[in-house]
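Step one of this worksheet: look at the structure below.
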Amino acid sequence: MDTMTMNDQPLLPEVIEVSKNHNVELTTIDIKINIKPDNLFFEGHFPNMPILPGVAQVHWVMLLAKEYLSVTFNVHRIEAIKFQRIIQPNSQLTLQLIDNKCGKLSFSYRAGDVVYGSGRIIYDQ
């Protein structure tokens with residue numbers, strides 16, 4: 001995926017590595033990402049302690065799922081969303097996407113066993 005930018009600032013994290021596992025019922029994608037300090041979503045959120053807004057995390061899930069799972073979203077709802085830990089600049093995380101192929105996409109942002117955020121997107125197919 002080409003890096004999306006606005007005013008020469010990236011909108012997406014740097015994708016370091018992608019691994020895919022799929023079977024008849026599930027497709028799982030692990031996307032290792034690096035979140036650079038010049039990412040546009042850090043601007044003004046907050047000046048002395050930048051953190052990645054939850055809306056940016058959900059936005060990335062939808063864009064990266066579209067790219068790596070070839071899912072076209074007509075989002076019905078988002079459920080069980082939890083932002084458990086603050087994501088700051090220079091974080092290296094794994095975004096895991098699990099598509100059950102029946103209109104439910106689960107996601108989590110992790111560093112090892114530590115979960116930073118998770119949720120489910122229910123979409124119309």
Q. Sequence neighbours excluded, which residues qualify as side chain to side chain contact (heavy atoms under 4.5 Å, CB included) partners of P53?
A. F41, H45, V55, A56
Q. Can any side-chain N or O of W60 pair as donor or acceptor with the backbone N or O of L11 at less than 3.5 Å?
A. yes
Side chains of [X] and [Y]: does their closest heavy-atom pair fall under 4.5 Å?
{"X": "I81", "Y": "V58", "value": "yes"}
{"X": "L95", "Y": "V61", "value": "yes"}
{"X": "I33", "Y": "I16", "value": "no"}
{"X": "F42", "Y": "I51", "value": "no"}

Q: Could you tell me which residues satisfy ring pair (Phe, Tyr, Trp, His ring centres under 6.0 Å) with Y123, sequence neighbours excluded, listed by chain and number?
A: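 With neighbours one apart ignored, the set is F73.
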[X]: side chain to side chain donor-acceptor pair (under 3.5 Å) partners, not counting sequence neighbours:
{"X": "N100", "value": "none"}
{"X": "Q96", "value": "D30"}
{"X": "S108", "value": "R110"}

Q) With clusters built from Ile, Leu, Val, Met, Phe, Trp and Tyr whose side-chain heavy atoms come within less than 4.5 Å, directly or transitively, what are the remaining members of the cluster of I98, listed by chain and number? A) L26
Using 0.5 Å steps for rounding, measure from the [atom1] atom of [X] to the [atom2] atom of [Y].
{"X": "L12", "Y": "K36", "atom1": "CG", "atom2": "NZ", "result": "12.0 Å"}
{"X": "I87", "Y": "L93", "atom1": "CD1", "atom2": "CG", "result": "5.0 Å"}
{"X": "E14", "Y": "N34", "atom1": "CD", "atom2": "CG", "result": "5.0 Å"}
{"X": "M62", "Y": "Q57", "atom1": "CE", "atom2": "CD", "result": "14.0 Å"}

Quick one: salt bridge (charged side-chain N to carboxylate O under 4.0 Å, His left out) pairs with a partner in [range], sequence neighbours left out?
{"range": "residues 51-61", "value": "none"}
{"range": "residues 94-109", "value": "none"}
{"range": "residues 113-125", "value": "E79-R120"}

(Q) Go through it in stages, so that I can follow the logic: the residues are T94 and I31, the test is side-chain contact (heavy atoms from CB on, under 4.5 Å), and I'd like the CA-CA distance, side-chain angles, deciding distance and then a yes or no. (A) CA-CA 5 Å; T94 298; I31 307 169; 6.0 Å; no
Q.
Give me each pair satisfying side chain to side chain donor-acceptor pair (under 3.5 Å) with a member in residues 82-91, each pair once, sequence neighbours excluded.
A. none
Q: Determine the sole option in L64, L97, T28 for which the side-chain contact (heavy atoms from CB on, under 4.5 Å) test with L69 is passed.
A: L97
Q. So I86 and M49, side-chain contact (heavy atoms from CB on, under 4.5 Å) or not? Walk me through it.
A. CA-CA 10 Å; I86 292 172; M49 186 182 167; 4.0 Å; yes
Q | Under the salt bridge (charged side-chain N to carboxylate O under 4.0 Å, His left out) test, residues paired with K20 that sit two or more places apart | A | none
**Q.** Pairs involving residues 81-117, ordered by first then second residue, that meet ring-ring contact (aromatic ring centres under 6.0 Å, His included) (sequence neighbours left out)
**A.** none
